[in-house]
**Q** 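Okay, handing you the structure first.
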Amino acid sequence: TIIKVAAFATFDDVDEDTGEIAHLLGILDETGTSYVTQSATFKRSFADIADIFADDDEPFSIRKISGTTKAGRPYVNCVLA
C-alpha cells in the first residue's frame, strides 16, 4: 500500500478497562483516509523518513509493507516510496 502523507501525529490511547497505555502513530493521506499503528518498527521507520523531509516541508509517500518473520509472527513496516 502506498500512502501519500498529508499529516501525521503521535498520541497515547488509554484502555479504559485496564489503564494500559498504547503509544500510537496516526497518518492522514491526501484523500482524507487515516491510518493508525502501534507497531514500534513501523513508527521508527516512519520517524526516520519524516526526519529527512522535515526541513523541506515537502510532501512524501511511504509504502506499507508487511509479512511474517522467521519465527512465524506477522509484522508491519514502511519504506520511502
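Atom set for the values below is all heavy atoms of this structure, side chains included, hydrogens, waters and symmetry mates excluded. As the structure is a prediction and not an experimental result, all values here were calculated from the model.
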**Q** Show every donor-acceptor pair shorter than 3.5 Å between a side-chain atom in residues 5-18 and any protein atom, with sequence neighbours excluded, or say none if there are none.
**A**
{"from": "Asp12", "atom 1": "OD1", "to": "His23", "atom 2": "ND1", "distance (Å)": "2.6"}
{"from": "Asp15", "atom 1": "OD1", "to": "Asp17", "atom 2": "N", "distance (Å)": "2.7"}
{"from": "Asp15", "atom 1": "OD1", "to": "Thr18", "atom 2": "N", "distance (Å)": "3.0"}
{"from": "Thr18", "atom 1": "OG1", "to": "Glu20", "atom 2": "N", "distance (Å)": "3.1"}

**Q** Looking just at side-chain N and O atoms, do Thr33 and Thr31 make a donor-acceptor pair shorter than 3.5 Å?
**A**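 The criterion, which ignores hydrogens and geometry beyond distance, is satisfied for Thr31 and Thr33.
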**Q** Does Thr69 have any side chain to side chain donor-acceptor pair (under 3.5 Å) partners at least two apart in sequence or in another chain, and if so, which?
**A**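 Scan of Thr69 (side chain to side chain donor-acceptor pair (under 3.5 Å), adjacent residues dropped) gives none.
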**Q** Which other residues end up in the same hydrophobic cluster as Leu28, if Ile, Leu, Val, Met, Phe, Trp and Tyr are linked when side-chain heavy atoms come under 4.5 Å apart?
**A**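 Members besides Leu28: none; it forms no cluster.
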**Q** For residues Ile49 and Val36: do they belong to one hydrophobic cluster (side chain heavy atoms under 4.5 Å, members Ile, Leu, Val, Met, Phe, Trp, Tyr)?
**A**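 In one cluster: no.
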**Q** Using side-chain contact (heavy atoms from CB on, under 4.5 Å) as the criterion, list what pairs up with Ala22, not counting sequence neighbours.
**A**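 Here the qualifying residues are Leu24, Gln38.
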**Q** Side-chain atoms of residues 70-81: list all donor-acceptor pairs with protein atoms under 3.5 Å, sequence neighbours left out, distances to 0.1 Å.
**A**
{"from": "Asn77", "atom 1": "OD1", "to": "Ser45", "atom 2": "OG", "distance (Å)": "2.7"}

**Q** Would you say the side chain of Ser61 lies within less than 4.5 Å of the side chain of Arg63, judging by non-hydrogen atoms?
**A** no
**Q** At what distance, to the nearest 0.5 angstrom, does CD1 of Ile3 lie from CD of Glu30?
**A**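 Answer for the CD1-CD pair, Ile3 versus Glu30, is 11.5 Å.
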**Q** Taking the side chain as everything from C-beta on, heavy atoms only, tell me whether Phe42 gets closer than 4.5 Å to Ile27.
**A** yes
**Q** Find out if a path of hydrophobic residues (ILVMFWY) with successive side-chain heavy-atom gaps under 4.5 Å connects Ile52 to Ile62.
**A**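 Result: yes, single cluster for both.
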**Q** Return the set of residues passing side chain to side chain donor-acceptor pair (under 3.5 Å) with Lys43 (not counting sequence neighbours), or none when no residue passes.
**A**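 Residues passing side chain to side chain donor-acceptor pair (under 3.5 Å) with Lys43: none at all.
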